[in-house]
Amino acid sequence: MPLLQVLRPTLPILIGASIMLTLSMGLRQSLGIFMQPLTHDIGISISHFTLALAVQNLAWGFLQPVAGAMTVRYGFRPIMVVGALAYIAGLVLMTTAHGLVAIMIGAGVLIGLSLACTANAIAMSVSARAVPETVRSTVLGMVSAAGSLGALLSAPIGQMLNEGFGWRVGLAGFVILSIFMIPAALYAGRVDKIPLPKPAGDDIGNATAATAAKTAFGNAAFVVMTCAYMVCGMQLVFLTTHLPSYLAICGLDPMLSAQTLGMIGGFNVLGSLFFGWAGQRWNKLALLGAIYILRSLALAWYFMLPATPGSTLLFGAIMGFLWMGVGPLVAGAVAEMFGLRWQAMIQGLAFMSHQVGSFLGAYGGGLIYDSLGSYTMAWRIGVALGLAGGIIQLAFALIRPAQPPLLKAA
């Protein structure tokens, strides 16, 4: 049966989830554009701004399993709508900020809360529930690809408004874009009306949240995936937070940072589609390990050479292809191992590790720069940890393929 025919009944849900994801991720990934003018204007340091983004990542990570568990009780729609409203409030607070407290609450706590309710784990769980298992990985790749378009839209808009009218107007433009998350969440919330498949005898679908969490952390494949996921977060958030600042230090055109983020977003579409397709055919956990290794090699190549517009855009293309391809692979692996009912919560538990890495990438990169006046040590650490995590993930996936856990093991 053609894929479009299979998906036609749930297209409004998938489109809503894609728009919600593309706005929540695209706006977040573009906040680094405003770092230099914002910090100079309101009198805070680079490390203070990156601390706010680090708090955002920690709030997102530690609230993600809570939001996932709440979808089981209250449904996806109310959780996603609350998340959209929190995003708008966080951006408004940033736009009107005159000191560190407003930035910390707006960019840190409120946007972190919103991402837990609207970003990858929730959007992927909605999409996985809406489609048959036979096309699940491919559809997750398609939604992840659509979710990658946000940076193509928000980064150039933010940079143009920032250069033409100042950072406050740029952030006001982001506020307007974020309003569209509300109708997207309402459409995606129609998934609550789709019944879950009947759980098998060894499924954790009828388990409690505590039992589901215990079962997940008793699964060796899940634990290795979760630990390697931390390196993923560290590398990606280091780039989205510090690349604009690094390019400014290199004396390159400020618009290049927006163009590079846009390049990342564009190639992210291709990478998400490819890894969604590949995850339907090959070992998802082995593919994750390959992504981490290739990213680390790309980081080493780029930062070892003098930055030029050409090398920067090529680097953005390579990293973009390897960017959100992890989304469909992680979501698909969790659904295969543990089923759909607790997918959002268990994926959120893995994501906590990702966000600890994000905290280190954002705040640690800022601290290293403030201390040493250079990003050299930061990227070296990122490359070393990325290679180690990727090799361990790949080796473990090939040696010990993941198996669905037995509920009695919990």
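Computation of the quantities below employed the complete heavy-atom set of this structure, encompassing side-chain atoms and omitting hydrogens, waters and symmetry-equivalent molecules.
The distance from the CG atom of Leu91 to the CD1 atom of Ile111 is 4.5 Å, given to the nearest 0.5 Å. For the atom pair Leu14 CG and Leu21 CG, the distance stands at 12.0 Å (nearest 0.5 Å). The CG atom of Leu294 sits 10.0 Å away from the CE atom of Met319 when rounded to the nearest 0.5 Å. Between the SG atom in Cys117 and the CG atom in Leu63 there is a gap of 7.5 Å [rounded to 0.5 Å]. Atom OG of Ser296 and atom CD1 of Ile391 lie 8.5 Å apart (nearest 0.5 Å). To the nearest 0.5 angstrom, Leu329 atom CG is 9.5 Å from Asn283 atom CG.
Looking at Pro65 and Met345, their side chains come closer than 4.5 Å, going by heavy atoms from C-beta outward. At least one side-chain heavy atom of Ile103 sits less than 4.5 Å from a side-chain heavy atom of Leu38. Side-chain contact between Trp301 and Leu305 is present, with at least one heavy-atom pair separated by less than 4.5 Å. Lys214 has its side chain out of reach of Thr211: every pair of non-hydrogen atoms, C-beta onward, lies at least 4.5 Å apart. Here the side chains of Ile42 and Leu100 are not in contact, with every heavy-atom distance at 4.5 Å or above. Looking at heavy atoms from C-beta onward, Arg168 lies out of side-chain contact with Met94 at the 4.5 angstrom threshold. Using a 4.5 Å heavy-atom cutoff, the side chains of Ile368 and Ile381 are in contact. In this structure, the side chains of Leu23 and Ser178 stay at 4.5 Å or more apart for every pair of heavy atoms.
With hydrogens and angles ignored, the 3.5 Å screen pairs no side-chain donor or acceptor of Thr118 with any backbone N or O of Ser24. Between the side chain of Gln56 and the backbone N or O of Gly112, no donor-acceptor pair lies under 3.5 Å. Side-chain atoms of Asp192 come within 3.5 Å of backbone atoms of Phe76 as a donor-acceptor pair (strictly under, hydrogens ignored). Without hydrogens or angle criteria, Thr22 side chain to Ser18 main chain gives no donor-acceptor distance under 3.5 Å. When atom types are taken as modelled, the side chain of Ser311 and the backbone of Thr308 share a donor-acceptor pair closer than 3.5 angstrom. Under the 3.5 Å distance criterion, the side-chain polar atoms of Arg281 are matched with a main-chain donor or acceptor of Trp277. A donor-acceptor pair is defined here as one N or O able to donate and one able to accept, closer than 3.5 Å; such a pair exists between the side chain of Thr96 and the backbone of Val92.
Among Leu110, Val82, Leu115, the single residue meeting the side chain to side chain contact (heavy atoms under 4.5 Å, CB included) criterion with Tyr87 is Leu115. Under the side chain to side chain contact (heavy atoms under 4.5 Å, CB included) rule, Pro328 has a single partner from Lys284, Met142, Met124, which is Met124.
Contact detail for Ala286 and Ala397: the closest heavy-atom pair is N-CB, 3.4 Å. Shown here for Leu161 and Gly173, the closest heavy-atom pair between the two residues is CD1-CA, 4.0 Å. The shortest heavy-atom contact between Ala130 and Ile13 is CB-CG2, 4.2 Å. The two atoms that bring Leu140 and Gly332 nearest to each other are CD1-N, 3.9 Å, heavy atoms only. Here the closest non-hydrogen pair linking Ser114 and Gly83 is OG-O, 2.5 Å. When every heavy atom of Ala172 is checked against every heavy atom of Thr95, the shortest pair comes out as N-OG1, 3.8 Å.
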Q. Does the pair Ile318 and Arg295 meet the rule for a side chain to side chain contact (heavy atoms under 4.5 Å, CB included), with working shown?
A. CA-CA 8 Å; Ile318 295 170; Arg295 275 188 196 161; over 6 Å; no
Q | side chain to side chain contact (heavy atoms under 4.5 Å, CB included) between Leu394 and Tyr292, intermediate numbers included | A | CA-CA 9 Å; Leu394 179 61; Tyr292 301 153; over 6 Å; no
(Q) As a quick check of understanding, evaluate side chain to side chain contact (heavy atoms under 4.5 Å, CB included) for Met304 and Trp379, giving each step before the final call. (A) CA-CA 10 Å; Met304 286 176 65; Trp379 71 257; 3.5 Å; yes
(Q) Using side chain to side chain contact (heavy atoms under 4.5 Å, CB included), reason through Tyr187 and Ile15 one step at a time and then give a plain yes or no. (A) CA-CA 8 Å; Tyr187 273 97; Ile15 292 171; over 6 Å; no
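Met225 meets the side chain to side chain contact (heavy atoms under 4.5 Å, CB included) test with Phe222, Leu285, Leu288, Val330, Ala333, Val334, Ala350, Gln393; sequence neighbours excluded.
A donor and an acceptor atom, one from each side chain of Thr312 and Thr260, are nowhere located under 3.5 Å apart. Trp60 and Gln64 share a side-chain donor-acceptor pair at under 3.5 Å.
Checked against the 6.0 Å centroid threshold, Phe174 and Phe34 count as a close aromatic pair.
Using the six-membered ring where Trp is involved, Phe351 and Tyr229 have ring planes that are perpendicular, over 60° apart on the 30 and 60° scheme.
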